[in-house]
Amino acid sequence: MPITLFVVVPCYNEEEVLSETTKRLTELFSELANRNIISNDSRIVYVDDGSADRTWSLIEEFGKKDCRVRGIKLAHNAGHQNALMAGMMSTMDCYDCVVTIDADLQDDVNAITQMLEKYSEGCDVVYGVRSKRATDTAFKRVTAQSFYKIMKMMGVDVVYDHADYRLMSRRAVEALSKYPERNLFLRGMVPTLGFKTDKVYYERSERFAGESKYPLKKMLSFAFDGITSFTVKPIKAVTTIGVIACLIAVVMGIFAIVRQISGQTVSGWASLMCSVWFIGGLQLLGLGLIGEYIGKIFKEVKRRPLYIIEKDTQK
Ligand code: UDP
Ligand code: MG
């Protein structure tokens, strides 16, 4: 049985790359359809994320010429992650599996073939992982690598060197749709779903045309969002620092008493030293304690599902 594949492509001011993207994707679709791997119901879904240029008119034009191209226009610029969600969720009833890929052709479209092979072998999520970062600037490489390291350190389970190029089966998307959170960080959310997963390696090339829509400011806020919407470790760090400060207060206390007895102090020094450390430590502990409760509230308000059923022998 051929697979019905949807390829979701978020586009924000991508008029320069769209015709090439369409060409490469439709060629791939024709090849896969000829080999009877994908069905004729498969679609390329462009999600126009409130572009200000000719992106939408191009999408409409391609859609008229080729019924395999479908366009979804968002009413305003909702951001990359939200655009991905819009594409995956609004077409969920129509596909067996969905691949998300950037419009700029940095990700090799041919990796989709391997992703489909893994899907046929029973994988529900297949991550596209870049094998090299040769085409990135040194700056982008260093910032990206530190990003993955910090995320790991903070306890967020992200796949190293995987952006948002991935295949998901319909049931994986259905499971994801049960995550009603507002701050999306798909790279962190998808690994928490579980299911059988695998990776496909590809070489990442340079942007085909146009400029990156992720300037440094957006990149930093994305990284910060990733951390703060996934982990309460920073709050826990405050508690730890508070405990350490209290311990130092005890050491300082002993030290001050010793100095006092041996008469080596100016009057008032010992009491001042002890209070500074002790009060400081107490304040941090208090903040950490409040933070723990806020952390609980944070997890609660996300209303994530308690479990996801993978199989049922009577269904
Ligand atoms: N994008 C989007 N909305 C935005 C910013 C970006 O839909 O607000 C899309 C963009 O059109 C592209 C993808 O997200 O298809 C990735 O953006 P880009 O290639 O500029 O990021 P980079 O590869 O430089 O990190
Ligand atoms: Mg890009």
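Heads up: numbering here begins at 1 and tracks the sequence. In this text, all values refer to a predicted model and were calculated from it rather than measured experimentally. Every number for a ligand or one of its atoms is a count from 1 in the order of the listing.
- Using a cutoff of 4.0 Å between basic side-chain nitrogens and carboxylate oxygens, E61 and K65 are scored as salt-bridged.
- Note that SG of C94 is 8.0 Å distant from CZ of R170, once rounded to the nearest 0.5 Å.
- Under the 4.5 Å side-chain criterion, counting only non-hydrogen atoms from C-beta, R166 is not in contact with V126.
- Ranking protein heavy atoms by distance to atom 14 (O) of ligand 1, first place goes to H80 CD2, 3.2 Å.
- Of the heavy atoms in C11, only backbone atoms (N, CA, C, O) come closer than 4.0 Å to ligand 1.
- Here the options are Y201, Y127, Y148, F147, the test is ring pair (Phe, Tyr, Trp, His ring centres under 6.0 Å), and the partner is Y160; only Y148 passes.
- Checked by distance only, ligand 1 and A83 stay at 3.5 Å or farther apart across all their nitrogen or oxygen atoms.
- Ligand 1 has an N or O atom lying under 3.5 Å from an N or O atom of R204, backbone or side chain.
- The two atoms that bring G194 and T197 nearest to each other are O-CG2, 3.8 Å, heavy atoms only.
- Protein heavy atom at the shortest distance from atom 8 (O) of ligand 1 is N77 ND2, 3.2 Å.
- For the pair P10 and ligand 1, the shortest N or O to N or O distance falls below 3.5 Å.
- For Q81, no heavy-atom contact with ligand 1 is shorter than 4.0 Å.
- Checked for salt-bridge contact, K196 and E121 miss the test: no charged N lies under 4.0 Å from a carboxylate O.
- Nearest protein heavy-atom neighbour of atom 18 (P) of ligand 1: R207 NH2, 3.5 Å.
- Counting only heavy atoms of the protein, atom 20 (O) of ligand 1 lies nearest to K213 N, 2.4 Å.
- Summary of contacts: the protein heavy atom closest to atom 4 (C) of ligand 1 is D49 OD2, 3.4 Å.
- The proximity of E14 to ligand 1, defined as any non-hydrogen pair under 4.0 Å, is limited to the side chain.
- Taking the six-membered ring where the residue is Trp, F185 and F230 present perpendicular rings, their angle passing 60° and hence far from 30°.
- When hydrogens are left out, the protein atom nearest atom 24 (O) of ligand 1 is S212 OG, 2.5 Å; that is the closest non-hydrogen contact.
- Of the options E16, E15, E14, E60, a salt bridge (Lys or Arg N to Asp or Glu O under 4.0 Å) to R54 is made by E15 and by none of the others.
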